[in-house]
There are 2 protein chains.
Amino acid sequence: MAQTIQEPSARLSPSTEDYLKAIYKLEEGDPVPTKALAGELEIAAASVTGMTKRLAERGLIEREPYKGATLTDAGTKVALEVIRHHRLLELYLKEEIGHSWEELHEEAERLEHHISEAFEDRLDELLDHPTRDPHGHPIPTRSGEVEETATQRLADLEDGDRAVVGHLSDKNPALLEHLEECGLMPGASLEVTEAQEVTEAQEVAEAQAFEEPIAVRVEGGEPQLVGRVVARSVFVFLAAS
Amino acid sequence: MAQTIQEPSARLSPSTEDYLKAIYKLEEGDPVPTKALAGELEIAAASVTGMTKRLAERGLIEREPYKGATLTDAGTKVALEVIRHHRLLELYLKEEIGHSWEELHEEAERLEHHISEAFEDRLDELLDHPTRDPHGHPIPTRSGEVEETATQRLADLEDGDRAVVGHLSDKNPALLEHLEECGLMPGASLEVTEAQEVTEAQEVAEAQAFEEPIAVRVEGGEPQLVGRVVARSVFVFLAAS
DNA sequence: TCCCTATTTTAGGCAAGACTAATTTGTTTC
DNA sequence: GAAACAAATTAGTCTTGCCTAAAATAGGGA
Ligand SMILES: [Mn+2]
Ligand SMILES: [Mn+2]
Ligand SMILES: [Mn+2]
Ligand SMILES: [Mn+2]
């Protein structure tokens, strides 16, 4: 019970930060169950029980046995700081260092725990105070504000819909390569067209790779077919019709 | 005894890497005593005994009880890799990110353990395959070659000696600031002059800060007085007279 | 209401890396 | 050669984070 408040200078462990980040990602109003957290972190459930107890003692989360974990304000603050590090790093590694989609995530996943606040600030300046990472995820501000995120999937749009790409799933690097070639990058405007407008050769190729394609025209380009699996990993802001 | 050889892919812990680096730094032919290592790492001697045993089991060092530790070839390779990371990072942070002398060392000390080989290669390219870090320390090549290091101190030169600055002690950031103002940076050519050539006002100022100054003229500049303490932290290559 | 099952927690272990206190060893000195 | 002292090692603990196996619990379905 005696929730130990320690000096803020003490660096939290990478493990601690990853737990808080994972809870932040999974919580949507209600508490995150042990098993969900275990899945996200690829760790045994029993280990999560132990760790979350310690996090609760430190005042970073609230824990309801058999229910799940919720971030406290302190915990949320840490999570957002780590996410800010992660996303600034990803953008930096992509833009300035030239890392591939493949390398981006892993490198940022490690470095996010080890850069100083001064480094964070330098990156922010150097990148001209960016608001989105290369996947289109919002970069939290230093004070913890987060921009809105798209919830609609490209795969769920209908003929004639116009939209702007918000963000892309970052699960699969190969898919990101593909999307880059298609011009389906965050910020791109697009329109869902009729399937007929697409050439047959392309149709065959796409159909082999990914079933049930959707026809899309990215602004300034030709109409093209995009596989449903692919289109499901593209999140868009639907334009008011 | 059964010295476990493990797959090279397994990342070594920061702690392990710091031990190897410290042994590399302290060994000069003969084994590094427990106490010396404990001092360098700011860790209790008993802890060092325990850790060095484990390092020996892993084949990274050789350990002679009551004598000390020596790096094996495998251990040396790791030490040089970490040092390469450290020095590339220091240069990068100074040149591209704009870190201060103060921030340089600490940041590099952490990040050296966490960057990927791909990142290392990118830094190397971006910096145009540098051979020296901001302090003038040689950057080991990927294959583990290390350039020669200066051993003579500016403080020990005599009137009329000419020399080129090799490297600077990296203990004290404030001192590095001072040296930068004096133009005493790695690569600078200099000449030790007669004390009389220096103005009296400067003499007084310098004498207050650091006793028993030495008179130095850096190429392209005016003669100036440099405190003995300061001059002791500047290592030079003496020019053949 | 009772039982089944998935989830969660408890119990017990382990490795890494640190600590302090006690003991041993090596070395120097008289 | 014994005593004294410094250095090193051993012994015993601690914390963090992970594991597996066993026990407990919550909640839905019969
Ligand atoms: Mn991480
Ligand atoms: Mn991202
Ligand atoms: Mn280090
Ligand atoms: Mn250096």
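Every chain is numbered from 1, with letters handed out A, B, ... down the list of sequences.
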Has [X] got a side-chain N or O lying under 4.0 Å from the OP1 or OP2 atom of [N]?
X	N	value
A:Ser15	D:dT16	no
A:Arg58	D:dT16	no
A:Thr49	C:dT10	no
B:Tyr19	C:dA18	yes
A:Thr52	C:dT8	no
A:Ser47	D:dC19	yes

Quiz item: When the nearest nucleotide of DNA chain D is assigned to A:Ile43 and to A:Lys67 on a heavy-atom basis, which residue is associated with the more 5' position?
Solution: A:Ile43
Quiz item: If each of A:Ala46 and A:Pro14 is mapped to the nucleotide of DNA chain D with the nearest heavy atom, which maps nearer the 5' terminus, i.e. the 5' end?
Solution: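 With A:Ala46 and A:Pro14 compared, the 5'-side residue is A:Pro14.
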Spacing of [X] atom [atom1] relative to [N] atom [atom2], expressed in whole Å:
X	N	atom1	atom2	answer
A:Leu20	D:dG17	CG	P	11 Å
A:Leu37	D:dG17	CG	P	14 Å
A:Lys35	C:dT9	NZ	P	14 Å
A:Leu55	D:dT15	CG	P	16 Å
A:Lys53	D:dC18	NZ	P	16 Å
A:Met51	D:dT16	CE	C1'	8 Å
B:Asp18	C:dA18	CG	C1'	14 Å
A:Glu57	D:dT16	CD	C1'	13 Å

Quiz item: Strictly under 6.0 Å, is that where the ring centroids of B:His99 and A:Phe119 end up?
Solution: yes
Quiz item: Can the ring centroids of B:His135 and B:His167 be said to lie less than 6.0 angstrom from one another?
Solution: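 That pair fails the under 6.0 Å test.
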Quiz item: If you fit an axis to the five pairs at each end of the helix from C:dT1-D:dA30 to C:dC30-D:dG1, how big is the angle between those two axes, to 10 degrees?
Solution: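 The end axes of the helix from C:dT1-D:dA30 to C:dC30-D:dG1 are about 20° apart, to the nearest 10°.
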Is the shortest distance from a Lys or Arg side-chain nitrogen in [X] or [Y] to a carboxylate oxygen in the other one below 4.0 Å?
X	Y	answer
B:Asp156	B:Arg232	no
A:Lys94	A:Asp133	no
A:Arg87	A:Glu109	no
B:Lys67	B:Asp30	no
B:Arg122	A:Glu103	yes

Quiz item: With no hydrogens and no angle check, do the side chains of B:Glu145 and B:Ser143 hold a donor and an acceptor under 3.5 Å apart?
Solution: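 On atom types as modelled, these side chains qualify, holding a pair under 3.5 Å.
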Self-check item: A:Glu112 and A:His86 side chains, donor-acceptor separation under 3.5 Å
Solution: yes
Quiz prompt | From A:Lys53 atom NZ to A:Ile61 atom CD1, the distance as rounded to the nearest 0.5 Å | solution = 11.5 Å
Quiz item: B:Ala45 or B:Arg54: which one's nearest nucleotide on DNA chain C is closer to the 5' end?
Solution: B:Arg54
Protein-nucleotides 23-25 of chain C N/O pairs closer than 3.5 Å?
unit_1	atom_1	unit_2	atom_2	d
C:dT25	O4'	B:Tyr66	OH	3.3

